[in-house]
Visitor: 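Attaching a single structure in structure tokens format; questions to follow.
Start at 1 with the first residue, then count along the sequence.
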Amino acid sequence: MSILKFLLLFSAFAGLIVILPYGVEYFFSISFLSKQFLLIAFFLFFLTIIVYIISYLGIKKGGQNSVLNVLGGLTVKMIFSLAMILLLFLKTAENQKVLAGNFFYIYFLFTLFEVICLLRNLRDQNKM
């Protein structure tokens, strides 16, 4: 999967992931979104794009380090994400369980999408 195709599909996926909780909150009158939900979503969106591009280029470069590039990218993403959520925990006084739930909802879905796309790239590489 090329970078442009990933950007298009990931933008659509991220839009759905961000809009869905607002729709559920509106139709069912349940409040489960923190004030920093969009901040977390935008941060993780751009971080995921950066990590995907780095991992994609590492895979295309080939060799034994291609898997290390993927795992290293996911590790860097996790470290930056946890640092950001730690700062939000220390900064805000609102319900931190809701903030953590919002973070993990976005983080795991974005990471799942990224890993699926990277595995497709590895599969295409093995067919050659």
Side-chain angles (χ1 to χ4, degrees):
M1 178 179 297
S2 68
I3 294 175
L4 182 61
K5 187 175 180 182
F6 173 78
L7 288 174
L8 292 174
L9 289 175
F10 184 62
S11 297
F13 179 74
L16 179 69
I17 293 303
V18 170
I19 291 173
L20 186 67
Y22 284 110
V24 170
E25 195 172 67
Y26 176 76
F27 286 118
F28 295 111
S29 300
I30 301 170
S31 179
F32 60 88
L33 292 177
S34 68
K35 295 176 184 174
Q36 284 81 18
F37 181 75
L38 287 178
L39 174 69
I40 296 169
F42 283 125
F43 179 80
L44 290 177
F45 177 78
F46 290 113
L47 185 62
T48 302
I49 289 174
I50 291 168
V51 168
Y52 178 81
I53 291 172
I54 292 170
S55 299
Y56 177 81
L57 295 175
I59 289 172
K60 291 302 175 188
K61 188 176 178 182
Q64 293 179 345
N65 293 333
S66 61
V67 174
L68 292 176
N69 287 329
V70 172
L71 293 176
L74 290 173
T75 304
V76 167
K77 178 182 173 186
M78 182 180 64
I79 290 170
F80 279 112
S81 300
L82 290 176
M84 190 258 321
I85 199 68
L86 177 66
L87 289 174
L88 286 176
F89 272 159
L90 296 174
K91 181 182 173 188
T92 62
E94 68 176 86
N95 191 352
Q96 293 181 348
K97 290 179 183 177
V98 171
L99 184 65
N102 293 165
F103 168 75
F104 286 117
Y105 164 74
I106 296 171
Y107 177 79
F108 285 132
L109 287 175
F110 282 4
T111 303
L112 176 71
F113 189 85
E114 177 188 4
V115 167
I116 289 172
C117 292
L118 287 171
L119 287 175
R120 286 187 62 189
N121 288 332
L122 284 173
R123 183 184 65 206
D124 292 342
Q125 185 183 27
N126 288 335
K127 285 184 179 180
M128 294 180 179

Visitor: Can you confirm whether Y52 sits close enough to N121 that some side-chain heavy atom of one is under 4.5 Å from a side-chain heavy atom of the other?
Guide: yes
Visitor: Could you report the tightest heavy-atom contact between T75 and L71, atom names first, then the distance?
Guide: OG1-O, 2.7 Å
Visitor: Enter the distance from L74:CG to T48:OG1 here, rounded to the nearest 0.5 Å.
Guide: 9.5 Å
Visitor: Please determine whether side-chain contact (heavy atoms from CB on, under 4.5 Å) holds for the pair I59 and N69, giving the CA-CA distance in whole Å, both sets of side-chain angles, and the decisive distance to 0.1 Å.
Guide: CA-CA 7 Å; I59 289 172; N69 287 329; 6.0 Å; no
Visitor: State which residue, out of F45, F113, F6, fulfils the ring pair (Phe, Tyr, Trp, His ring centres under 6.0 Å) condition with F13.
Guide: F113
Visitor: Find out if a path of hydrophobic residues (ILVMFWY) with successive side-chain heavy-atom gaps under 4.5 Å connects L44 to I79.
Guide: no
Visitor: Starting at CZ of F10, measure out to NZ of K5 and round the result to the nearest 0.5 Å.
Guide: 16.0 Å
Visitor: Determine whether P21 and Y105 make a side-chain contact, defined as any pair of heavy atoms from C-beta on separated by less than 4.5 Å.
Guide: yes
Visitor: With the 4.5 Å side-chain cut-off for hydrophobic clustering, are L118 and L8 part of the same group?
Guide: no
Visitor: For the atom pair CG (L57) and CD1 (I53), what is the distance rounded to the nearest 0.5 Å?
Guide: 7.5 Å
Visitor: Does anything in residues 74-83 form a salt bridge (Lys or Arg N to Asp or Glu O under 4.0 Å)? List the pairs, not counting sequence neighbours.
Guide: K77-E114
Visitor: Measure from the ring center of Y22 to the ring center of F37 and say whether it is less than 6.0 Å.
Guide: yes
Visitor: Do L20 and I30 belong to the same hydrophobic cluster, where Ile, Leu, Val, Met, Phe, Trp and Tyr are linked whenever their side-chain heavy atoms lie under 4.5 Å apart, directly or via other members?
Guide: yes
Visitor: First locate atom CD1 of I116, then atom CG of L9, and finally report the distance between them rounded to the nearest 0.5 Å.
Guide: 11.5 Å
Visitor: Determine whether more than 12 heavy atoms belonging to other residues, nucleotides or ligands lie under 6.0 Å from atom CZ of F42.
Guide: no
Visitor: With the 4.5 Å side-chain cut-off for hydrophobic clustering, are L88 and F108 part of the same group?
Guide: yes
Visitor: Please check this pair: side chain of N102 against backbone of L38, looking for a donor-acceptor N/O pair closer than 3.5 Å.
Guide: no
Visitor: Please determine whether residues L109 and L33 belong to a single hydrophobic cluster, defined as Ile, Leu, Val, Met, Phe, Trp and Tyr linked transitively by side-chain heavy-atom distances below 4.5 Å.
Guide: yes
Visitor: Is there side-chain contact between F103 and S81, with heavy atoms separated by less than 4.5 Å?
Guide: yes
Visitor: When you compare the side chain of F104 with that of I40, does any pair of heavy atoms fall below 4.5 Å?
Guide: no
Visitor: To the nearest 0.5 Å, how far apart are OG in S55 and CD1 in I50?
Guide: 11.5 Å
Visitor: Do F80 and V76 make a side-chain contact, defined as non-hydrogen atoms from C-beta onward lying under 4.5 Å apart?
Guide: yes
Visitor: A side-chain contact here means heavy atoms from C-beta on lying under 4.5 Å apart; do I106 and V18 qualify?
Guide: no
Visitor: What verdict does the side-chain contact (heavy atoms from CB on, under 4.5 Å) test give for I49 and I3, after you've listed the backbone C-alpha separation in whole Å, the side-chain angles of each residue and the deciding distance to 0.1 Å?
Guide: CA-CA 9 Å; I49 289 174; I3 294 175; over 6 Å; no
Visitor: Rounded to the nearest 0.5 Å, how far apart are CD of Q96 and CG of L90?
Guide: 8.0 Å
